[in-house]
J.: 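Structure provided below as structure tokens; questions to follow.
What you see is a predicted model; the values in this text were computed from it and never measured. In what follows, chains carry the letters A, B, and so on, assigned in the order in which the sequence lines appear, proteins first and then strands, with residues in each chain numbered from 1. Computed from heavy atoms alone, side chains included, the values below leave out hydrogens, waters and symmetry copies.
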Amino acid sequence: MKKLINAPEKVVEDMLTGMVAAHPQYVRKLSGYSCLVNPQSPITNKVGIVSGGGSGHEPSHAGFIGRGMLDAACAGNVFSSPTPDHFLEAAKVVDSGAGVLMVIKNYSGDLMNSQMAEEMAEFEGVKVTRVIVDDDVAVKNSTYTTGRRGIAGTVFVHKIAGAKAAQGADLDEVKRVAEKTVANVRSMGMALTPCIVPIAGKANFELAEDEMEIGMGIHGEPGITRCKLAPADEITSTLLEKIIQDLPFGKGDEVAVLVNGLGATPLMELYVINKKIAEICAEKGIRIHRTYVGEYMTALEMAGASITLLRLDEELKALLDAPADTIAFKQF
Amino acid sequence: MKKLINAPEKVVEDMLTGMVAAHPQYVRKLSGYSCLVNPQSPITNKVGIVSGGGSGHEPSHAGFIGRGMLDAACAGNVFSSPTPDHFLEAAKVVDSGAGVLMVIKNYSGDLMNSQMAEEMAEFEGVKVTRVIVDDDVAVKNSTYTTGRRGIAGTVFVHKIAGAKAAQGADLDEVKRVAEKTVANVRSMGMALTPCIVPIAGKANFELAEDEMEIGMGIHGEPGITRCKLAPADEITSTLLEKIIQDLPFGKGDEVAVLVNGLGATPLMELYVINKKIAEICAEKGIRIHRTYVGEYMTALEMAGASITLLRLDEELKALLDAPADTIAFKQF
Amino acid sequence: MEKLTASDIVNIVAEFSRTIIANRDYLNELDGKLGDADFGTSISSGCAALDKLVPDLGANKPGMVLGKSGTTLIRSMGGASGPLFGTIFMRAGKELGDATEIGVKELAAMFAASLSGVKALGKSNAGDKTLIDALEPATLALETAAAEGTALREALARASVAAAQGVENTKNMVANRGRAHYVGERGIGHQDAGATAIHLLFKVFADSVN
Amino acid sequence: MEKLTASDIVNIVAEFSRTIIANRDYLNELDGKLGDADFGTSISSGCAALDKLVPDLGANKPGMVLGKSGTTLIRSMGGASGPLFGTIFMRAGKELGDATEIGVKELAAMFAASLSGVKALGKSNAGDKTLIDALEPATLALETAAAEGTALREALARASVAAAQGVENTKNMVANRGRAHYVGERGIGHQDAGATAIHLLFKVFADSVN
Ligand SMILES: Nc1ncnc2c1ncn2[C@@H]1O[C@H](COP(=O)(O)OP(=O)(O)O)[C@@H](O)[C@H]1O
Ligand SMILES: Nc1ncnc2c1ncn2[C@@H]1O[C@H](COP(=O)(O)OP(=O)(O)O)[C@@H](O)[C@H]1O
Ligand SMILES: [Mg+2]
Ligand SMILES: [Mg+2]
Ligand SMILES: [Mg+2]
Ligand SMILES: [Mg+2]
């Protein structure tokens with residue numbers, strides 16, 4: 001395991017310390033908790049937005065704390081949900097009285113821990129509600145599954161809920177646009193190499209030198225097919241076809257695109273992917289309103305990428321376009 | 001070689017196409033040239049700032065085109081300097097009559113090609129001058145070398161020269177602050193894994209599973225020592241000591257810090273490094289004015305990081321703090 | 001001994017912690033086949049917290065011992081298993097209420113409460129290749145023993161055997177819950193890590209009366 | 001044949017291109033030992049551009065043929081070697097001026113101009129483990145041959161041998177210029193890629209009169 005860390009058990013703590021040291025204007029740490037919050041919290045009359053989950057997805061989620069996005073983010077151990085008291089404490093600190101929306105990715109751990117926090121919050125006098133993000137089209141929804149995974153589309157939920165909250169909307173309204181975003185966002189990823197959870201010390205799967213896995217999750221969960229490495233254009237078509245067919249996106253739709261690197265993929269390659277996305281969308285008459293390319297929802301040092309499409313209406317467009325000033329997502 | 005590309009020979013072209021498709025408000029391509037420019041170029045009365053070099057260092061350099069930083073960036077083949085006519089064309093397009101500053105990293109190829117462009121520009125009626133960045137303290141300067149390499153500190157030169165130009169300063173003034181930045185910026189990096197130039201198809205060196213290389217360059221050039229992997233704190237101390245002793249930085253100095261990922265290093269690890277930087281600076285009485293953490297000057301998919309310190313005076317501080325709106329460097 | 005007392009329960013909690021911590025790598029390995037290889041780490045950190053708690057538990061009634069153990073697990077574990085194992089202990093404790101002695105009947109009621117808590121929280125059922133596949137048969141064994149008036153030692157032995165058989169059965173199941181379900185068919189042949197930990201829990205109960 | 005004509009020079013440019021392209025991987029490999037393994041790719045792309053240029057070169061005088069070849073290399077290569085190899089051809093062409101026939105004396109003057117151009121641009125000297133270590137001895141051989149009145153074929157053969165020896169000598173040098181210098185002592189035993197290409201150039205000249 002080649003990592004720039006001090007000890008696997010200390011990595012989340014060290015990271016949070018380094019993050020606060022780097023960006024004191026954006027984040028402060030809640031002492032005793034693995035949570036970062038906006039130092040200005042609570043913001044008068046504003047609905048608080050709390051996100052969180054396992055660590056290892058940086059800049060998700062603390063990188064999105066700031067004006068127009070999140071108020072707090074809870075950092076669990078690597079790839080493991082934070083416990084309920086962290087979610088609860090974050091909610092308490094950011095609540096101005098207007099209530100708190102928790103943005104949770106659809107994994108059983110995150111679901112259960114945040115649900116417990118939501119229940120506990122009732123007794124602490126904080127109105128908490130949750131939105132569950134499940135944008136990954138790789139895993140089919142069925143009565144036998146916990147449903148789709150939440151991946152990079154979560155960033156759009158942060159952005160849009162955050163913008164709505166910044167406008168002074170109430171909790172119901174903020175939740176409504178967050179759910180509208182979830183309903184209109186679809187993603188899918190692929191991986192070239194595995195990643196290593198520090199505490200495990202080794203990758204829990206291997207990919208041959210000429211293999212890739214389509215549909216792999218952001219914790220290295222197996223995807224839907226393992227196959228020979230193909231040219232970027234072909235991979236992009238495969239991912240985008242599944243995404244487009246799922247919602248489905250169609251001619252005349254206006255979308256935002258997110259090309260997300262999983263950790264080790266050079267930006268160069270993400271732009272190569274985006275070239276093909278732009279071509280396919282043009283062919284299909286899908287209009288691209290905005291494109292984001294970079295690392296937003298990573299999986300440690302996994303090589304690979306995910307593509308996210310968000311269908312926009314006038315309301316979502318205006319919220320997406322609103323300014324944001326966070327560590328990792330800045331928009332004028 | 002595991003890369004999300006179509007063909008090694010097409011990677012730079014595909015990347016530029018994907019970049020323009022993603023960010024049309026920030027960049028347009030000069031037809032027939034491997035150059036991106038600000039679509040608003042030339043900006044009346046403003047000194048133009050042109051950067052460039054081999055590709056593979058994304059977001060450097062085109063990611064820094066925009067308000068308050070660069071006007072154009074030339075993209076050579078991977079790790080290979082662009083030819084003079086690209087630099088020349090970029091200079092011609094961004095020149096408003098106020099002249100053009102080229103920011104060049106100190107590698108013989110970049111030096112020679114840009115020098116030829118500078119000479120050619122004279123005959124085309126464009127006033128071009130250059131600043132050479134050589135911030136890497138790993139390689140000792142001596143009469144027998146071409147001098148130090150230019151690495152991540154280049155981003156500060158872009159920022160500061162760009163801010164000065166945005167204020168309407170003339171070419172001499174812009175060059176002066178750029179050179180002042182070069183005089184006050186020092187960097188050093190290390191690598192855990194090599195990177196693969198697409199056309200070569202394989203890494204041109206190997207590091208054992210428990211080895212790292214201190215002082216490695218951003219093209220995989222050998223560093224000053226290859227040794228056993230150590231804890232992040234120890235590595236950070238080693239790099240920072242060399243940087244601090246070099247200028248030297250001392251008690252009471254105010255600095256900007258840049259913790260730069262080389263491509264495959266998780267943001268988590270960059271923050272772990274920053275934790276120790278903050279500790280060491282606090283111990284030594286070096287005040288940190290701003291910290292940037294992320295990927296600014298990469299080496300394809302190399303795992304590793306570099307640390308940059310820039311000593312600030314009031315002038316540099318104000319220029320660093322000025323707003324910037326580019327693809328990869330945004331500051332409110 | 002036909003009843004367990006508060007101090008027995010404290011000892012069982014302590015022994016459970018030791019057992020889990022000793023099996024940390026094994027549990028990680030099992031989770032690695034079906035999930036993300038962190039279950040051993042996660043439950044061990046919960047058990048380390050339990051271990052610290054033990055010296056302060058002595059003064060409590062059995063229900064409180066289990067309840068406090070549950071909240072400790074929830075607070076210290078995280079992941080999917082934190083709320084689930086926490087719920088098992090919490091619901092068991094709640095079911096006991098103020099009881100000071102625990103016989104077969106109380107054990108059966110206790111784990112029935114745990115089982116329904118876990119099912120509700122995890123939205124799972126038997127056959128989903130989870131810890132429920134060990135907890136349900138063990139609970140049924142205790143309920144049968146209670147109905148038949150079986151002695152404590154024998155009842156716990158049967159519960160432990162039933163849990164072990166449940167673990168064995170998970171090998172042939174396709175996971176439907178938790179991250180393991182993404183493995184689908186590929187998971188066949190591998191036993192569930194959470195179920196394995198449940199078996200260890202019943203084994204500790206059984207061994208405590210031997 | 002004691003003089004090279006414009007068409008000889010065009011043929012030499014064409015043959016040089018073919019030779020370099022045929023040695024692409026070998027040159028990359030050499031550059032890989034000391035630098036970034038791209039020299040073969042870089043100079044081959046320059047030579048591919050030269051190849052395209054060749055059909056249009058016929059009408060020109062030798063100086064113009066070399067000059068146009070030089071600007072083509074500069075425009076198509078990039079890297080460190082683009083300006084250097086471009087300068088070699090450009091300066092050689094400039095030195096020839098309007099001359100229509102090239103004998104040993106002209107060749108010596110031509111390459112002397114190339115050599116001083118390269119030294120100025122690269123800020124390098126003999127002994128720095130660069131192409132200069134092949135270009136300088138070859139040029140000296142031509143100058144000696146010119147002074148001694150040696151025949152063209154013999155003069156070019158000697159220049160080619162001198163270049164080859166120069167390449168051999170780079171093996172024992174520690175690089176001081178270009179990226180290779182970062183390798184320092186570790187580069188000992190490996191020959192310089194740029195010098196190797198220079199030897200190929202002189203070999204093409206020598207072979208053209210055989
Ligand atoms: N929804 C669920 N219902 C019941 N048990 C579950 C559920 N999800 C997971 N489990 C149990 O938890 C174990 C995994 O725990 P853990 O590795 O901590 O979870 P994760 O890695 O998903 O956070 C599984 O082996 C399984 O027995
Ligand atoms: N400063 C210099 N002076 C003379 N020759 C040089 C210089 N720098 C490089 N070279 C020559 O160029 C060759 C490397 O060319 P190339 O691989 O294209 O450069 P780079 O990879 O640095 O862009 C070397 O083998 C050497 O002969
Ligand atoms: Mg987990
Ligand atoms: Mg090169
Ligand atoms: Mg797990
Ligand atoms: Mg080279």
Side-chain angles (χ1 to χ4, degrees), chain B residues 8-9 34 52-56 74-88 107-117 119-120 136 138-140 142-149 195-205 215-224 226, chain D residues 24-25 28-46 48-49 70-87 90 117-118 120-125 127-130 173-187 194:
Chain B
E9 310 73 37
S34 214
S55 293
C74 302
N77 289 328
V78 174
F79 293 175
S80 185
S81 169
T83 60
D85 35 333
H86 296 270
F87 282 118
L88 175 63
Y107 299 99
S108 18
D110 294 324
L111 281 186
M112 289 187 255
N113 285 285
S114 63
Q115 182 189 323
M116 291 195 149
E119 286 169 24
M120 286 152 90
D136 188 346
V139 178
K140 282 202 186 59
S142 96
T143 47
Y144 296 104
T145 63
T146 45
R148 288 171 160 164
R149 301 174 292 212
C195 58
I196 299 177
V197 175
I199 276 201
K202 56 176 203 288
N204 71 341
F205 69 95
M216 173 152 295
I218 54 171
H219 310 91
E221 308 97 295
I224 49 177
R226 187 170 287 201
Chain D
R24 183 192 135 128
D25 293 349
N28 274 336
E29 203 178 294
L30 291 177
D31 189 31
K33 302 287 181 204
L34 300 169
D36 55 356
D38 65 352
F39 176 65
T41 306
S42 177
I43 191 165
S44 291
S45 75
T71 56
T72 299
L73 289 175
I74 291 175
R75 266 204 304 272
S76 56
M77 279 178 66
S81 48
L84 292 167
F85 277 82
T87 295
M90 266 194 340
V118 161
L121 182 64
K123 304 196 174 66
S124 330
N125 263 305
D128 286 349
K129 196 165 182 143
T130 70
M173 296 172 183
V174 175
N176 291 317
R177 292 288 145 194
R179 286 176 192 154
H181 92 265
Y182 301 119
V183 190
E185 304 278 332
R186 297 193 219 169

J.: Between the main-chain N or O of D:Gly79 and the side-chain N or O of B:Asn113, is there a donor-acceptor pair closer than 3.5 Å?
T.: yes
J.: Could you look at D:Ser76 and say if it's the side chain, the backbone, both or neither that has a heavy atom under 4.5 Å from chain B?
T.: backbone
J.: Using the test salt bridge (Lys or Arg N to Asp or Glu O under 4.0 Å), find all partners of B:Arg226 that sit at least two apart in sequence or belong to another chain.
T.: B:Glu213
J.: Looking at every heavy atom in both D:Ala80 and B:Met112, which two are closest together, and how far apart are they?
T.: O-CE, 3.8 Å
J.: List for me each residue that meets side chain to side chain donor-acceptor pair (under 3.5 Å) alongside B:Glu119, sequence neighbours excluded, and say none if there are none.
T.: B:Gln115
J.: List the steps, then state whether side-chain contact (heavy atoms from CB on, under 4.5 Å) holds for B:Leu111 with D:Lys123.
T.: CA-CA 11 Å; B:Leu111 281 186; D:Lys123 304 196 174 66; 5.6 Å; no
J.: Any chance you could measure D:Thr71, atom OG1, to B:Met116, atom CE, to the nearest 0.5 Å?
T.: 10.5 Å
J.: Which atom names give the shortest non-hydrogen contact between D:Gly78 and B:Thr83, and what distance separates them?
T.: N-CG2, 3.2 Å
